[in-house]
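Encoded as C-alpha cells, the structure appears first; notes follow it.
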Amino acid sequence: MRFARFPIEGLRLIEPDIHRDERGFFARVFCAEIFQREGLETGFVQRSVSFNQRRGTLRGLHFQLAPHAETKLIRCTSGAVFDVAVDLRKGSPTFGQSQALLLSAENRAMFYIPAGFAHGFLTLADNSEVAYEITPAFVPGAGAGLAYDDPALGITWPEVVKVISDKDRGLPKLADLAAM
C-alpha cells in the first residue's frame with residue numbers, strides 16, 4: 001500500500017498495490033500493522049455501504065458530534081464518486097478547508113478521514129457504491145451535517161447535483177456551526 005499526505009493534516013490517500021495475473025488481481029486494502037506504522041486508526045467497528053442509483057446523487061456533508069466523532073476509511077466499489085472531507089477541528093490551521101479526490105472502482109483508491117471532519121460525495125456514474133470502515137459506531141442523535149454548497153467552503157463540485165435528500169438540502173453553513 002502507498003500512503004500520500006495532503007496539505008490538510010491527517011487526511012491520507014491510500015492506494016493498494018495491485019497484483020495482476022490471468023485470473024484478475026489481488027490487493028490488500030487494510031493491514032493493521034501498516035496502518036499503525038502510518039499512525040492511522042485500526043480499530044474500525046462498523047462497516048457500511050451506500051448504493052446510489054443515479055449519477056449526480058449527493059450525500060453529505062455528514063459528521064458526528066464529539067465525543068462521537070468518526071474516523072472513516074472510504075472506497076468506491078462500483079462506479080465513481082467525487083469524495084470530499086472538510087476540516088471541522090476547532091483550532092486547526094486548516095479549519096473550514098476541504099480536500100477532494102476521485103474514488104472509483106477503477107482506481108481502487110481509498111480516502112482516510114480522521115475524526116473531526118465532515119464527509120460527503122457526489123456520484124459521477126449510475127449505480128455507484130461506496131464502502132465505509134468507521135469508528136466509533138453510529139450514535140443516534142450525534143449525527144450532524146454541513147451545507148454542501150456553502151460558498152465559505154469553496155468546494156467546486158464537478159457536476160450539477162440532481163438527487164439530494166431534503167435533510168441534506170437543509171444543512172447549516174459553516175458560520176452557523178462555528179457559532180454553536
Side-chain angles (χ1 to χ4, degrees), residues 1-16 29-30 35 38 40-41 44 48-64 69-90 92-134 143-165 167-178:
M1 285 181 274
R2 294 174 308 281
F3 295 80
R5 296 176 184 268
F6 293 101
I8 300 174
E9 182 59 38
L11 297 175
R12 300 284 190 285
L13 166 66
I14 303 169
E15 297 174 296
V29 295
F30 177 79
F35 271 55
E38 290 289 323
L40 305 180
E41 176 67 54
F44 297 104
S48 299
V49 64
S50 172
F51 176 76
N52 307 275
Q53 291 182 322
R54 292 184 48 207
R55 179 183 191 137
T57 298
L58 186 122
R59 291 187 185 254
L61 300 159
H62 301 145
F63 60 97
Q64 282 198 159
E70 297 168 314
T71 295
K72 297 178 180 178
L73 179 61
I74 312 292
R75 64 189 177 105
C76 183
T77 57
S78 177
V81 299
F82 179 80
D83 207 81
V84 178
V86 177
D87 189 352
L88 297 179
R89 299 171 295 179
K90 298 228 187 240
S92 169
T94 53
F95 179 84
Q97 293 182 23
S98 64
Q99 177 67 53
L101 57 101
L102 172 69
L103 299 179
S104 70
E106 185 176 314
N107 71 18
R108 306 201 187 284
M110 295 175 285
F111 198 7
Y112 178 89
I113 304 170
F117 284 78
H119 169 256
F121 62 85
L122 178 67
T123 61
L124 303 177
D126 288 342
N127 301 316
S128 291
E129 184 176 276
V130 177
Y132 298 73
E133 305 280 335
I134 304 167
L146 184 61
Y148 79 97
D149 57 353
D150 183 350
L153 300 177
I155 300 169
T156 303
W157 297 94
E159 294 188 12
V160 173
V161 174
K162 297 175 186 166
V163 180
I164 184 171
S165 71
K167 178 182 171 190
D168 285 356
R169 189 182 320 279
L171 292 173
K173 295 190 180 319
L174 182 63
D176 299 327
L177 287 179

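The structure presented is a predicted model; accordingly, all values stated were derived computationally and were not measured.
The distance from atom CD of Gln53 to atom CG of Asn127, rounded to the nearest 0.5 Å, is 7.0 Å. Note: Phe95 CZ to Arg89 CZ = 10.5 Å, rounded to the nearest 0.5 Å. Between the CZ atom of Arg108 and the CZ atom of Arg75 there is a distance of 9.0 Å, given to the nearest 0.5 Å. Taking CZ from Phe63 and CG from Leu88, the interatomic distance works out to 5.5 Å, rounded to the nearest 0.5 Å.
The shortest non-hydrogen separation linking Gly79 to Ser128 is CA-OG, 3.6 Å. Between Leu174 and Leu146, the closest heavy-atom pair is N-CD1, 3.4 Å. The two residues Glu129 and Val49 make their nearest non-hydrogen contact at CG-CG2, 3.3 Å. Of all heavy-atom pairs between Ser78 and Cys76, the closest is O-SG, 3.1 Å. Nearest approach of Arg59 to Ser50, heavy atoms of both residues: NE-OG, 3.0 Å. Pairing each heavy atom of Arg54 with each of Val163, the nearest pair is NH1-CG2, 3.4 Å.
Between Val84 and Leu61 the shortest side-chain heavy-atom distance falls below 4.5 Å. You'll find the side chain of Lys173 stays beyond 4.5 Å of the side chain of Leu153, heavy atoms only. Counting heavy atoms from C-beta outward, Glu133 and Lys72 have side chains that stay 4.5 Å or more apart. By the 4.5 Å heavy-atom criterion applied to side chains, Ile155 and Asp150 are not counted as neighbours. Using a 4.5 Å cut-off on side-chain heavy atoms (C-beta onward), Ile134 and Thr71 make no contact. Contact check for Phe117 versus Glu70: no side-chain heavy atoms found under the 4.5 Å cut-off. In this structure, Asp87 and Ser98 have side chains that are not in contact, with every pair of non-hydrogen atoms separated by 4.5 Å or more. At least one side-chain heavy atom of Pro7 sits under 4.5 Å from a side-chain heavy atom of Gln99.
When atom types are taken as modelled, the side chain of Trp157 and the backbone of Leu58 share no donor-acceptor pair closer than 3.5 angstrom. A distance-only check finds a donor-acceptor pair linking the side chain of Asn107 to the backbone of Leu102 [under 3.5 Å].
The aromatic rings of Tyr132 and Phe121 sit tilted, their planes meeting at an angle between 30° and 60°.
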Query raised in the report: Going through the checks in order, is the side chain to side chain contact (heavy atoms under 4.5 Å, CB included) test met by Arg12 and Arg5?
Result: CA-CA 5 Å; Arg12 300 284 190 285; Arg5 296 176 184 268; 2.4 Å; yes
Requested in this report: Determine, stepwise, if the pair Leu103 / Val130 fulfils side chain to side chain contact (heavy atoms under 4.5 Å, CB included).
Outcome: CA-CA 9 Å; Leu103 299 179; Val130 177; 5.8 Å; no
Query raised in the report: Where do Leu171 and Tyr148 land on the side chain to side chain contact (heavy atoms under 4.5 Å, CB included) test, with the steps shown first?
Result: CA-CA 8 Å; Leu171 292 173; Tyr148 79 97; over 6 Å; no
Requested in this report: Assess whether side chain to side chain contact (heavy atoms under 4.5 Å, CB included) is satisfied between Ile113 and Leu11, documenting all intermediate values.
Outcome: CA-CA 5 Å; Ile113 304 170; Leu11 297 175; 4.1 Å; yes
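Taking a 6.0 Å sphere around CD of Glu159, one finds it holds more than 12 heavy atoms contributed by other residues, nucleotides or ligands.
Asn52 and Thr123 are not linked by any side-chain donor-acceptor pair at a separation below 3.5 angstrom, with hydrogens and angles left out of the test.
Here the two rings, on Phe111 and His119, have centers that are 6.0 Å apart or farther. Aromatic ring centroids of Phe3 and Phe35 lie under 6.0 Å apart.
Across Asp149, Leu122, Asp168, Thr57, a single residue satisfies side-chain contact (heavy atoms from CB on, under 4.5 Å) together with Val161, and that is Leu122.
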